[in-house]
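Below: the structure, in C-alpha cells.
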Amino acid sequence: PADPARPRRSRRPVPAAPAAPAGDVHSAGTWCAPFTGFRVLAAVAVIGAHSALSARTFPIAGIVQIVAVIVPMFFVVSAYALYRPFIVDDLRGADPRSARGFWWRRFLRIYPLYATALTAYLVLLPPLRPPSGSLVDYAKLYGFLQIYDKDLSRFSGIPAAWFLCDEVAFYLLMPFIAMAARWVVLQRRRRRHPGRAPSAEEILRGHLAVAVVLWVIGLVARPLLVLN
C-alpha cells in the first residue's frame with residue numbers, strides 16, 4: 001500500500017520557461033561582449049604601435065607588419081558590429097532604423113572626445129598645427145576632412161586620426177548601404193515570388209551582394225587613387 005505521508009510525484013511535464021525577448025541591438029556591447037573586448041585590445045595595440053613608431057622604439061621585430069594586420073581587423077570587426085543591427089531589422093521584418101538616430105549616436109560617441117583631444121594637440125604641440133594657419137584648414141581638422149587634403153594629411157592635427165576619418169565616412173554611408181541591400185532583396189522577391197515576404201536566406205544574400213559590389217569597387221579604386 002502507498003504511504004499516505006509520502007507526496008506523490010507528478011508525471012506531468014514541467015512547462016519550459018519563456019524565452020527572454022531579444023533586446024535592442026545598437027552596438028556590439030549589447031549582443032556580443034567578446035567583440036567589444038577584441039575592439040578594445042585592437043585599439044590599444046594600434047595606439048601602442050603608433051607610439052613606438054613615433055618614438056622610434058621597436059620593442060619587437062615586425063611591429064610594422066603587426067600594425068598592418070591589426071588595423072584591417074579592427075575595421076572589419078567594427079564594421080560588422082555596427083552594421084549587424086541593420087541586418088537584424090530586416091530579418092525581424094522591422095521598419096528601417098532612423099539614419100539620423102544612428103548618426104547622432106555615433107556623433108555623441110566620437111566627436112566630443114575627438115574635439116577635446118584635437119584641441120589639446122593643437123595647443124600643446126605647435127608643429128601639428130596647419131602650416132597655412134587658415135581657418136578653413138582648422139575646420140577640416142575638426143570635420144574629419146584632413147585625409148582629403150594633401151597638405152593636412154602629412155602630420156597635421158592628430159596624425160593617427162586618419163583611421164577615424166575613414167570610420168566617419170563609413171558611418172555616413174552605412175544607412176545607404178543597408179537601404180541598397182533592402183532594395184536588392186525586394187527587387188529579387190518581386191521578380192520571383194511577388195506578394196511574399198523575403199526569407200532570411202534572401203535577405204542575407206541581398207546584403208552579401210551589396211558587400212561584394214563594394215569590395216570590388218574598393219579593390220579597383222584603391223590602386224587608381226594610389227597612382228594618382
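Numbering starts at 1 and runs along the sequence shown.
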| request: Please check if the distance between the ring centroids of F144 and Y114 is under 6.0 Å. | output: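 Yes.
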| query | Is the gap between the ring centers of H207 and F86 under 6.0 Å? | reply |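 No; F86 has its ring centre 6.0 Å or more from that of H207.
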Grouping I, L, V, M, F, W and Y whenever their side-chain heavy atoms are under 4.5 Å apart, do [X] and [Y] come out in a common cluster?
| X | Y | answer |
| --- | --- | --- |
| I203 | L186 | no |
| V185 | M179 | yes |
| V213 | V220 | no |
| V212 | I217 | no |
| V168 | V76 | no |

Heavy-atom closest contact ([X] atom, [Y] atom, distance):
| X | Y | result |
| --- | --- | --- |
| P159 | Y121 | CD-CE2, 4.3 Å |
| D137 | P130 | CB-CB, 3.8 Å |
| L172 | P175 | O-CD, 3.8 Å |
| G157 | L122 | CA-CD2, 4.1 Å |
| Y142 | Y111 | O-OH, 2.8 Å |
| Y148 | A169 | OH-CB, 3.9 Å |

| said: Please evaluate residues L141 and L118 with respect to the criterion side chain to side chain contact (heavy atoms under 4.5 Å, CB included), reporting the C-alpha separation (whole Å), side-chain torsions for both, the decisive distance (0.1 Å), and the verdict. | reply: CA-CA 8 Å; L141 292 177; L118 177 60; 3.9 Å; yes
| Is it true that atom CZ of R189 has more than 12 heavy atoms of other residues, nucleotides or ligands lying nearer than 6.0 Å? | yes
| Crowding at CG, L135 (>12 non-hydrogen neighbours, <6.0 Å) |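 Open: at most 12 neighbouring heavy atoms sit under 6.0 Å from CG of L135.
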Is there a donor-acceptor pair closer than 3.5 Å between any side-chain N or O of [X] and the backbone N or O of [Y]?
| X | Y | value |
| --- | --- | --- |
| R129 | V123 | yes |
| W162 | I147 | no |
| E202 | S199 | yes |

| request: Report the C-alpha separation of Q146 and C165 in whole Å, then their side-chain angles, then the decisive distance to 0.1 Å, and conclude whether the side chain to side chain contact (heavy atoms under 4.5 Å, CB included) test is met. | output: CA-CA 8 Å; Q146 59 264 40; C165 300; 3.6 Å; yes
Between atom [atom1] of [X] and atom [atom2] of [Y], what is the distance when rounded to the nearest 0.5 Å?
| X | Y | atom1 | atom2 | value |
| --- | --- | --- | --- | --- |
| Y83 | S78 | OH | OG | 14.5 Å |
| I110 | L164 | CD1 | CG | 5.5 Å |
| F75 | F170 | CZ | CZ | 10.5 Å |
| R84 | Y80 | CZ | OH | 5.5 Å |

| request: Would you please test E201 and R205 for side chain to side chain contact (heavy atoms under 4.5 Å, CB included) and show each step? | output: CA-CA 6 Å; E201 180 180 355; R205 283 184 176 181; 2.7 Å; yes
